[in-house]
Amino acid sequence: MSSFDEMDAFEGASLSARAMGARPTPYLDDLNPAQRDAVELLDGPVLMLAGAGTGKTKALTTRIVHLLNTGAARPNEILAVTFTNKAAREMKQRVGRMLGQPAEGMPWLGTFHAICVKLLRRHGELVNLKSNFTILDTDDQLRLLKQLVRAANIDDKRWPARMLAGIIDDWKNRALTPDKVPAADAGAYNHKGVELYAQYQTRLRELNAVDFGDLLLHMVTIFQTHEDVLQQYQRWFRYILVDEYQDTNVAQYMWLRLLAGAHKNICCVGDDDQSIYGWRGAEVGNILRFEKDFPGAHVVRLEQNYRSTPHILAAASNVIRGNQGRLGKELWTEAAEGEKLRLIGHWDGEEEARWIGEEIDAMQGGTRGVRPMNLDEMAILVRASHQMRAFEDRFLTIGLPYRVIGGPRFYERMEIRDAMAYFRLVVSPEDDLAFERIVNTPKRGLGDKAQQTIQMTARANGVSLVEGARLAVEQGAIKGKGGGALRELVEGLARWGRMAGDKDLTHMELAEIVLDESGYTAHWQNEKTPEAPGRLENLKELIKALEGFENLQGFLEHVSLIMDNEQNDGGAKVSIMTLHAAKGLEFPAVFLPGWEDGLFPSQRSMDESGIKGLEEERRLAYVGITRAEEVCTISFAANRRVFGQWQNSMPSRFIDELPEDHVEVLTPPGLYGGSGGGFSAQGIETRAAEANVYNSPGWKRLQARQGQYGMAQPKESRNTVIDMDAVASFTLGERVFHQKFGYGAVIGIEGDKVEVEFEKAGLKKVVARFLNASDDVPF
DNA sequence: GTGGAGTATCTTTTT
DNA sequence: GATACTCCAC
């Protein structure tokens, strides 16, 4: 690894590169005047206010190319920060394409986190970290916090560790080390928050580990306390570029200000109207006060939109107008008028999914809209991930190919994390958290008691858990079957560790040996659950993913930072994702379902953050609408299942903010004998009433008439589970149904418990509430 | 020590 | 409706 001094040595070379003088700049001809400004104003602070679809990435990448081309900086003197790995990847590709060569030479183009890891590997010792520190994910973090909470004798029912994790995260986002937490926050987590935060940081240091927030926080601390280090990097990074500046939190902001403090060659790109990460500590204020922070800053506005039709832009503008304190932009386009936005209401969530499925089919077949569309030109953007389920269910039944973006991630799956814990232990045996995860996975007969013995032995001797386990076995502190299994595990770990140094063995082979010899593979082979084969499949995939890396360590590093899994499995598919995940993307056709008050805008957001929360929700609506290029379809449902309970709601207040002239209101389906059989007569009537309302010109007054459809009756009462009072009347011999055990006969009643002889599951004692009379079975 | 049944909580959004 | 957690019976 090259040391920092070696890096400095390049500086001389860069001067000669600059001396080479300007080269032709054909790429500038591709830009509109505003974009050109944004590219050519190289020195001094620049704020690029780039509305949705205004060619922001183009301007940013061209700026990098221009910096290189004019000799202002060498590739490794440019610090370019993004928020997502995807954005970093894309930028690298585009720069490479423009330069006509792979942009391998841009080591400082990456996410905040990836760049901080690089820096921290070099300078970690300044905050008492060894350079091979591990990065904890949220799971490890939570387990660690739980231990601390329990040790502090706090009732983790009333004060969940999750909550503490959130509070600590928040402090870290605000660049607050435990000693800097303001007095106003002293009451946090039952007045124990600050103390536990300090303990947590101590524990992390003992484990030679950091969490995500630490990556930024430690670097800020180092820059603040080591002037020499800061100055070196201020010299080194001649030009700084920041993407999605509106999403920076305080720690990131301080980090940037420190680095840009000397030369102030910083170009921040953002859109205050697309700030949607306030809940994660992002401060819109950062972008709003850029000109104050950097006096004399050039502000460039990109307002010509190359993405959407005028109808779509008009709708988006009208919605976002409701927010206060914006920097203000007016998007315009030369695009043809196109279709109006479409708005439709449905009876319930399932019907919404059904309708959208049919619509997608029709659009694909060319029977709807001005041109046939490919499946990958369409996307469904939801507010909360639980909304995805209805679409997945529906699309599975009609065989419509879809892809969920940002769903449960590969590296978060249980089996993958288990396997990775084994790998972590092979690479670094002192990784106590990894050891705790796998001591008893697969089952080795090592329960709480044995694990406590290991912990105590380790602590008494001041060694890692693995070493503690070895000692405990040696001293015979753990007897019987567990002891033998533990000895085997400890010896295995030592053996695999030695094998890691073996040149004749690839790390893929090693990984396979580890999983086989530890019994982990067998554990899933013996498991009879329906998921087991899939999990084995995932493990195989994990081994395959190792191929791209030098060794296990390199792989683990990669995974801790890049938790996304791009599945580019072939074939056109409809995309389903959250609005947050959709930022930066665009699709010819966009569906925005679930526009109901409470769901969107989210009740929780409004409860917790009031007006600020509502405004962030509104920005989310803005982001959603502006993803659409040609067609945007907004929908809402009167009824939806929440927590398995039916709930009804009113259309979103944002629907009122859509400009009437740019919206076409569609008649709900079902009235023409289309879909949705099986409703009661009452349901049809209600739906007919809805149709009239929708068709009326004054549809905006819908809200005033919410009583008519907002408070619609639940579908059918016979679908509800039998209630407790009714259950009391079970009689001996009665035929009953249980969700899990199936059919059976009542053979005894004791209070609220009923003894049932099930046909398949045999004799069980169950609580009456979970039983239905068999002719009353829900279906 | 394990596994099953019963109970509580959950749903925003993620590097 | 699903999962994580707790409690109780083997």
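Chain letters run A, B, ... following the sequence lines, proteins first, then strands; residues in each count from 1.
Annotation: proximity of residues 109-119 of chain A to DNA chain B (heavy atom, distance under 4.0 Å) is found for A/Thr111, A/His113, numbered in ascending order.
Separating the CG atom of A/Asp139 from the C1' atom of C/dT3 is a distance of 14 Å, rounded to the nearest angstrom. The separation between A/Lys146 atom NZ and C/dA4 atom P is 10 Å, rounded to whole Å. Counting to the nearest Å, the C1' atom of B/dT14 and the CD atom of A/Glu616 are 13 Å from each other. We find that CG of A/Leu136 is positioned 21 Å from P of B/dT14, with the value rounded to whole Å. If you take CD of A/Glu392 and P of C/dA2, they are 13 Å apart, rounded to a whole angstrom. Going from atom CE of A/Met414 over to atom P of C/dT3 covers 10 Å, rounded to whole Å. As a whole-Å value, the separation of A/Asp170 CG from B/dT14 C1' is 15 Å. Between the NZ atom of A/Lys479 and the P atom of B/dG1 there is a distance of 13 Å, given to the nearest Å.
Judged as a side-chain contact (heavy atoms from CB on, under 4.5 Å), and not counting sequence neighbours, the contacts of A/Thr84 are A/Lys86, A/Ala87. When the ring pair (Phe, Tyr, Trp, His ring centres under 6.0 Å) test is applied to A/Phe600, the partners found at least two apart in sequence or on another chain are A/Trp595, A/Phe654. Partners of A/Glu617 according to the salt bridge (Lys or Arg N to Asp or Glu O under 4.0 Å) rule, which considers only residues two or more places apart in sequence or in another chain, are A/Arg383. For A/Ser575, the side-chain contact (heavy atoms from CB on, under 4.5 Å) test picks out A/Ala379, A/Arg403, A/Ile405, A/Met577, A/Phe587, with sequence neighbours left out. Under the side-chain contact (heavy atoms from CB on, under 4.5 Å) criterion, A/Glu488 pairs with no residue at all, not counting sequence neighbours.
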Going by atom type alone, with no hydrogens or angles, which donor-acceptor pairs under 3.5 Å involve a side-chain atom of residues 438-449 of chain A and a protein atom two or more places apart or on another chain?
from, atom 1, to, atom 2, distance (Å)
A/Asn440, OD1, A/Arg444, N, 2.7
A/Asn440, OD1, A/Gly445, N, 3.4
A/Asn440, OD1, A/Leu446, N, 3.3
A/Asn440, ND2, A/Leu446, O, 3.1
A/Thr441, OG1, A/Arg437, O, 3.3
A/Arg444, NH1, A/Tyr422, OH, 3.4
A/Arg444, NH1, A/Ile438, O, 2.8
A/Arg444, NH1, A/Val439, O, 2.8
A/Arg444, NH2, A/Tyr422, OH, 2.8
A/Arg444, NH2, A/Ser518, O, 3.2

Run the side-chain donor-acceptor check on residues 476-484 of chain A: report pairs under 3.5 Å with partners two or more places apart or on a different chain.
from, atom 1, to, atom 2, distance (Å)
A/Lys479, NZ, A/Gly476, O, 3.4

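Of the possible polar contacts, one joining the A/Glu596 side chain to the A/Ala637 backbone as a donor-acceptor pair under 3.5 Å is found.
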Criterion salt bridge (charged side-chain N to carboxylate O under 4.0 Å, His left out) on A/Glu350 and A/Arg394, from CA distance to verdict = CA-CA 8 Å; A/Glu350 272 99 71; A/Arg394 182 63 193 161; over 6 Å; no
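As judged by a 4.0 angstrom heavy-atom cut-off over every strand, A/Phe643 is placed among the base-contacting residues. A/Thr138 comes within 4.0 angstrom of no nucleic acid atom, judged by non-hydrogen atoms across all strands. No contact: A/Lys583 has no heavy atom under 4.0 Å from any strand.
Here A/Thr578 reaches the OP1 or OP2 of B/dT14: one of its side-chain N or O atoms lies under 4.0 Å away.
Of the candidates B/dG1, C/dC5, B/dT11, the closest approach to any side-chain atom of A/Ala450 belongs to B/dG1. Listed nucleotides C/dG1, B/dT2, B/dT14 differ in distance to A/Asn440; the shortest reach to its side chain belongs to B/dT2. Between B/dT15, B/dT13, B/dT2, one nucleotide has an atom nearer to the side chain of A/Lys443 than all others, and that is B/dT2. Out of B/dT15, C/dG1, B/dG1, the shortest distance to the side chain of A/Arg280 is found at B/dT15. Which of B/dC10, C/dA2, B/dT13 sits closest to the side chain of A/Arg389 comes down to C/dA2. For A/His580, the side-chain atoms get nearest to B/dT13 when compared with the rest of B/dT11, B/dT15, B/dT13.
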Mind listing the N/O atom pairs, protein and nucleotides 6-9 of chain C, below 3.5 Å?
none

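When the C1' atom is compared between B/dT11 and C/dT6, the two are found 23 Å apart, to the nearest whole Å.
In terms of position on DNA chain B, the residue among A/Ser385 and A/Arg444 whose nearest nucleotide sits closer to the 5' end is A/Arg444. For the pair A/Gln451 and A/Ser605, nearest-nucleotide mapping onto DNA chain B gives the more 5' position to A/Gln451.
Lacking a ring centre under 5.5 Å from that of the base six-membered ring together with a plane angle below 30°, A/Tyr277 does not count as stacked on B/dT14. Between A/Trp279 and B/dT13, a base-stacking contact is recorded: ring centres under 5.5 Å apart, planes less than 30° from parallel.
The side-chain tip of A/Arg619 does not point at the ring of A/Tyr622 from less than 6.0 angstrom away and within 45° of straight on.
Taking the six-membered ring where tryptophan is involved, the planes of A/Tyr520 and A/His523 are tilted, since the angle between them lies from 30° to 60°.
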